[in-house]
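Since the structure is predicted, the reported quantities are computational estimates derived from the model, not experimental observations. Note that ligands are numbered from 1 as they come in the structure, with each ligand's atoms numbered from 1 the same way.
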Amino acid sequence: MEELVDAKLVENIGISNFNKAQTERLIKNARIKPCNMQIEIHPYFCNKKLVEFCQSVGMSVTAYAPLGNAGRTWKSADEPIIFDEPVLKEISKAKGKSITQVVLRFHLQRNLVVIPKSVTPSRIKENFDVFSFSLTEEEMQKIWSLNKNLRFYSEPIAKDHKYYAFHDEY
Ligand SMILES: NC(=O)c1ccc[n+]([C@@H]2O[C@H](COP(=O)([O-])OP(=O)(O)OC[C@H]3O[C@@H](n4cnc5c(N)ncnc54)[C@H](OP(=O)(O)O)[C@@H]3O)[C@@H](O)[C@H]2O)c1
């Protein structure tokens, strides 16, 4: 990747699903530091410590599955979905914004990049409309309280690999 930057084929290097120790090892050994980390982040998995670590070393953070991907095929029936959360319903009603917009705004106010995915044109439009309102500190705290350290993308197929990233706390 560094050679690709040198050749001007790539502008910046980003990484995904690294844990803190792996990121530190990379930073120590890399000539060109990664500029962005893409990791799972949604109200049930706020990933606070890893976000703070990345931001402390000057990396931006991208939240993947920012809505908790309620449509994932491997979802079990007892796992929560953002659309059922009373706290989010309450904030959504108070703001006159959808639950999706409230959740995306929560991420943006944490200085995160968000990449919600939708194949539905009206939802794509809705998901961009998150810059005309803001959440109060109290509303932010209410959403923080939904965190359960519940990872939906744990990739169990890779858990015995020596570089499996998710055995560490973060
Ligand atoms: N780096 C990694 O390891 C990694 C892992 C997972 C995901 N990602 C990336 O992260 C991005 C998003 O992740 P994701 O697709 O897993 O999860 P997500 O964005 O949290 O959720 C996607 C689901 O939410 C629905 N949705 C989107 N906007 C909505 C709205 N306004 N109202 C109601 N439902 C809405 C979509 O439905 P419809 O499409 O039917 O509208 C889809 O079922 C993707 O680009 C993906 O490639 C990266």
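Side chains of Glu126 and Ser98: a donor on one and an acceptor on the other come within 3.5 Å. Side-chain atoms of Asn69 and Tyr64 form no donor-acceptor pair, as typed in the model, at a separation below 3.5 Å. In summary, the side chains of Asn127 and Asp129 do not present any donor paired with an acceptor at a separation below 3.5 Å, with no hydrogens or angles considered. Side-chain contact of Gln101 with Arg105: a donor-acceptor pair under 3.5 Å is absent, judged by distance alone. Side-chain contact annotation: Glu40 with His42, donor-acceptor N/O pair under 3.5 Å present.
Contacts of Ser16 with ligand 1, taken as heavy-atom pairs under 4.0 Å, involve the side chain alone. Heavy atoms of Glu126 found under 4.0 angstrom from ligand 1 belong exclusively to the side chain. Neither the backbone nor the side chain of Ser98 comes within contact range of ligand 1; no heavy atom lies under 4.0 Å. Using a 4.0 Å cut-off between heavy atoms, Asn69 contacts ligand 1 through both its backbone and its side chain.
The atoms of ligand 1 that sit less than 4.0 Å from any heavy atom of Gly68 are 20 (O). The Pro116 neighbourhood of ligand 1 comprises atoms 19 (O), with distances under 4.0 Å to a heavy atom of that residue. Numbered from 1 in the order shown, with element, the atoms of ligand 1 that lie under 4.0 Å from a heavy atom of Thr120 read 38 (P), 40 (O), 41 (O).
Between Phe152, Tyr64, Tyr153, Phe83, it is Tyr64 that holds the heavy atom closest to atom 10 (O) of ligand 1. Across Lys117, Arg123, Glu40, heavy-atom proximity to atom 15 (O) of ligand 1 is greatest for Lys117. Comparing Asp129, Val119, Thr62, Asn127 by heavy-atom distance to atom 31 (N) of ligand 1, the nearest is Asn127.
Annotation: cation-pi geometry not satisfied between Lys159 and Tyr164 (NZ/CZ under 6.0 angstrom from ring centroid, within 45° of ring axis).
For ligand 1, none of its N or O atoms has an N or O atom of Gly71 under 3.5 Å away.
Hydrophobic clustering (side-chain heavy atoms under 4.5 Å, transitive across Ile, Leu, Val, Met, Phe, Trp, Tyr) groups Ile82 together with Val130.
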